[in-house]
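Just so we're on the same page: letters track the sequence lines, and every chain starts at 1. Just so you know, these numbers come straight off a predicted model, no measurement behind them.
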Amino acid sequence: MSDIGVTVKKNENFSEWYTEVVLKSGLADYAPIKGCMIFRELSYAIWEKIQEIFNKKIKATGHKNVYFPMFIPESFLKKEAEHFAGFVPEVAWVTQGGDSPLEEKLAVRPTSETIIYATYAKWIRSWRDLPIKLNQWCNIVRWETKATKPFLRTREFLWQEGHTAHATKEDSDKEVMDILNEYRDLMESYLAIPVLVGVKTDNEKFAGALYTTTLEAIMPDGKALQMGTSHNLGQNFAKVFDIKYIGEDEKEHYVWQTSWGISTRLIGALVMVHGDDKGLVIPPKVAPIQVVIVPIPYKGADSAAIMAKAKEVREKLVEKGITTILDDREEYTPGWKFNEWELKGVPIRVEIGPRDLKQEQVTLARRDTYQKTAVKLDDAVHAIEKLLEEIQNSLYAKAKAALAEKITTVSSYNEFQWTLEAKGGFIKAAWCGHSRCEEKIKEETGATIRLRPFEKEPPITDCIYCGAKAVEMVYFARSY
RNA sequence: GGGGCUGUCGGCUAGUUUGGUCUAGGCUUGUAGACUUGGGCUCUAUAGACCCCGGUUCAAAUCCGGGCAGCCCCA
């Protein structure tokens, strides 16, 4: 019996708990290809929600969606040396078509900068062509050799990648920040996952970028998860792909470019941050099903009246734009349904039984706290609307508190190591700004600098590793 | 990157140590029916499996080798 639901406790074996929730809730299944996964109905519906939200945001600021080929000629990928070196270890290649070998092998895109920018070179002539702001939703292949995990690290995943070209550095800087802010809003206001934002160090920046901005969340096991990145590519790609325009000054200039992306990894974050021992907990704003109505038709009770009432409530909710389903399956008992919908993370369950009918009420059960309340039929819709909002806010508040609890400021390397072992999470420490210290710390502890925060704080000590004068406080963590 | 472990009906598993009544057992699920329904009811009937390739052997789910797939732990 117990093996229908989640059998592992979240705080006892986090890793196994995650795997169980993902499989049993119906989010995903394993594919018969190593490191690949099947996005089932539930996770794909969440992904569609994310697409809907983000599309609305970027379209409002003049971006348009396009689709470029998934095959990239080797020669394109090679053009930007740093970019090529960064991606080549995990590129999957197509070397043969039918029976005959290809003249030039083709990369299955690990990211699309090169193929898109080769085309930008063709399209951009004048300052009047700028800015160009395109985005695509597509799949990506990175042939991971490390252990894979559904949503978090798979050989193929889904994402969106935005690619823009601008006349000036100022414009491109602004684009990087605008997108970062939209990402942040998506994560915090919709997915209810608070993030830290800042800039990556040179070691951790995107291969070929001038600088990379990032959004980082913390997971309950104390590991950081990179939720999204927005890069300023400078003129690196413009120079190798020869993307030039004639300015108002009648002179030739290279364009300034940005690229940015979020992936289905976000779904993994959502599972880890909000889920509990009973399964998924999906924030109302991204829940494919927001309300489930479970009728409770006793033998001898007026089942017809209960059903009629259930349908009436559903109609009213649907009218308000609340995604509602009525679970009228006769082969399952209410108790069974309760468990199933909890496993699937539906934010609110509405129970309607003889008792409710008699008192002209419905019973509301919230997924996040299991709290049950009775509300009068006339107030039901309003109460549900309010409760959805409250659940959304409460999930965010809870995650926010968890994030705050997982940030520790340390003033020595000893304390750093001790904290990392005992507690994990983000560790805020003073850093001299040199890659060497960062590398040594990574080697010795496995932690990397996740970000250099935008909000600068004066260093409280010298560099915790080398003792030289520190330039800033940065956030370290072990990460997924 | 390093280490450990696992693969048996759709799911969870017994059997593997010590090869042989294993014609592979149980629970759950599926299907048909009855009974129930406020937290995974109960009963009856029925369906369903040894990951793949090779080796050892009179005999392989069991031992050996390889492959494929998955999980966990550490960095």
Side-chain angles (χ1 to χ4, degrees), chain A residues 1-10 12-26 28-38 40 89-90 143-155 221-224 276-279 292-307 309-310 327-344 346 349-359 361-367 369-374 417 420-421 424 439-448 476-480:
Chain A
M1 199 115 329
S2 59
D3 58 6
I4 304 171
V6 179
T7 60
V8 184
K9 297 223 180 308
K10 189 180 184 184
E12 282 173 9
N13 189 336
F14 186 70
S15 205
E16 250 172 40
W17 168 87
Y18 176 80
T19 306
E20 271 206 6
V21 171
V22 165
L23 294 177
K24 291 185 172 176
S25 67
D29 204 349
Y30 289 107
I33 302 102
K34 183 180 167 60
C36 292
M37 62 175 286
I38 296 160
R40 298 189 61 179
E90 51 190 38
W143 213 253
E144 298 286 350
T145 53
K146 289 180 186 172
T148 57
K149 216 178 187 60
F151 298 112
L152 301 181
R153 179 176 282 125
T154 49
R155 285 184 171 172
D221 61 351
K223 286 163 90 171
D276 66 16
D277 289 347
K278 287 225 163 192
V292 60
I293 302 172
V294 179
I296 299 160
Y298 271 98
K299 179 95 176 172
D302 191 350
S303 299
I306 288 171
M307 249 348 192
K309 201 52 83 177
D327 188 351
D328 57 2
R329 292 176 296 178
E330 286 174 10
E331 63 272 31
Y332 292 107
T333 61
W336 203 95
K337 293 175 184 176
F338 294 172
N339 282 289
E340 186 182 33
W341 294 113
E342 279 165 1
L343 179 59
K344 289 179 177 296
V346 175
R349 178 179 71 240
V350 178
E351 300 171 18
I352 303 178
R355 227 154 54 206
D356 300 298
L357 204 61
K358 199 168 154 197
Q359 293 170 45
Q361 64 175 31
V362 296
T363 301
L364 307 184
R366 56 189 281 187
R367 176 62 183 88
T369 60
Y370 300 101
Q371 195 177 44
K372 281 196 191 187
T373 48
Q417 287 170 300
L420 192 64
E421 290 313 318
E439 281 155 17
K440 291 303 271 185
I441 291 172
K442 181 178 180 180
E443 231 176 271
E444 290 171 21
T445 68
T448 52
F476 289 86
R478 287 192 181 130
S479 69
Y480 275 98

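Remark: the separation of the C1' atoms in B/rA61 and B/rG19 is 10 Å, to the nearest Å. Taking atom C1' in both B/rC58 and B/rG70, one finds a spacing of 36 Å when rounded to whole Å. If you take atom P in B/rG20 and the same atom in B/rA60, they sit 11 Å apart, rounded to whole Å. Comparing the C1' positions of B/rU8 and B/rC51 gives a spacing of 10 Å, expressed to the nearest Å. Between the C1' atoms of B/rG39 and B/rA75, the separation comes to 44 Å (whole Å). Rounded to the nearest Å, the gap between the C1' atom of B/rA49 and that of B/rA24 is 9 Å. Atom name C1', nucleotides B/rG15 and B/rA32: the rounded distance is 32 Å, in whole Å. Distance check on atom C1': B/rC63 versus B/rU44 gives 43 Å, rounded to whole Å.
A donor-acceptor contact shorter than 3.5 Å is absent between the side chain of A/Arg155 and the backbone of A/Trp143. Without hydrogens or angle criteria, A/Glu351 side chain to A/Ala365 main chain gives no donor-acceptor distance under 3.5 Å.
Across all strands shown, B/rG11 is found opposite B/rC27 as a Watson-Crick or G-U wobble partner, with both distances under 3.5 Å. Applying the Watson-Crick and G-U wobble criteria (two distances, each under 3.5 Å), B/rU21 pairs with nothing in any strand. Pairing of B/rC71, defined by two Watson-Crick or G-U wobble distances under 3.5 Å, is identified with B/rG4. Across all strands shown, B/rC41 remains unpaired; no Watson-Crick or G-U wobble contact has both distances below 3.5 Å. Base pairing annotation: B/rC35 forms no Watson-Crick or G-U wobble pair, as no partner gives both donor-acceptor distances under 3.5 Å.
Protein atom CD1 of A/Ile306 is 16 Å distant from nucleotide atom P of B/rU36, rounded to whole Å. Straight-line distance from the CD1 atom of A/Ile296 to the P atom of B/rG40: 12 Å, rounded to whole Å. For the pair A/Trp336 CH2 and B/rU29 P, the interatomic distance rounds to 8 Å; values are reported in whole Å. Computed from coordinates, the A/Lys24 NZ to B/rG10 C1' distance equals 14 Å when rounded to whole Å. The distance from atom CG of A/Asn339 to atom C1' of B/rG38 is 13 Å, rounded to the nearest whole Å. Regarding A/Leu23, its CG atom lies at a distance of 13 Å from the C1' atom of B/rC12, rounded to whole Å. Between the CE atom of A/Met307 and the C1' atom of B/rU37 there is a distance of 12 Å, rounded to whole Å. Following rounding to the nearest Å, A/Lys337 (NZ) and B/rG38 (P) show an atom-to-atom distance of 11 Å.
If you check the side chains of A/Thr445 and A/Gln417, you find no donor sitting under 3.5 Å from an acceptor. For the 3.5 Å distance criterion, the side chains of A/Asn339 and A/Tyr332 fail to qualify, holding no donor opposite an acceptor. A donor-acceptor contact closer than 3.5 angstrom is absent between the side chains of A/Lys34 and A/Thr148.
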Every protein N/O within reach of nucleotides 30-32 of chain B N/O, cut-off under 3.5 Å:
| residue | atom | partner | partner atom | Å |
| --- | --- | --- | --- | --- |
| B/rG30 | OP1 | A/Tyr332 | OH | 3.0 |

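Side-chain contact between A/Trp17 and A/Asp221 is absent, with no heavy-atom pair separated by less than 4.5 Å.
Taking 4.0 angstrom as the limit, A/Thr333 places none of its side-chain polar atoms (N or O) nearer than this to OP1 or OP2 of B/rG40.
Minimum atom distance to the side chain of A/Glu340 is reached by B/rG40, of the listed B/rG40, B/rC41, B/rG38.
Taking 4.0 Å as the cut-off between side-chain N and carboxylate O, A/Arg329 and A/Asp327 count as a salt-bridged pair. The pair A/Arg349-A/Glu340 does not count as a salt bridge, with every side-chain nitrogen at least 4.0 angstrom from each carboxylate oxygen.
Across all non-hydrogen atoms, the minimal contact from A/Thr448 to A/Lys442 is CG2-CD, 3.4 Å. The two residues A/Glu342 and A/Arg367 come nearest to each other via the heavy atoms O-NE, 2.8 Å. Contact record, A/Gly26 with A/Arg40: O-CB, 3.2 Å, taken as the closest heavy-atom pair.
Between the base of B/rG39 and the side chain of A/Glu342 there is a donor-acceptor pair shorter than 3.5 Å.
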* Reading nucleotides 68-75 of chain B 5' to 3', which nucleotides get B (base under 4.0 Å from a protein heavy atom), which S (sugar-phosphate only), which -? -> -SSSSS-S

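Counting any heavy atom pair closer than 4.0 Å across all strands shown, A/Arg349 reaches a base atom.
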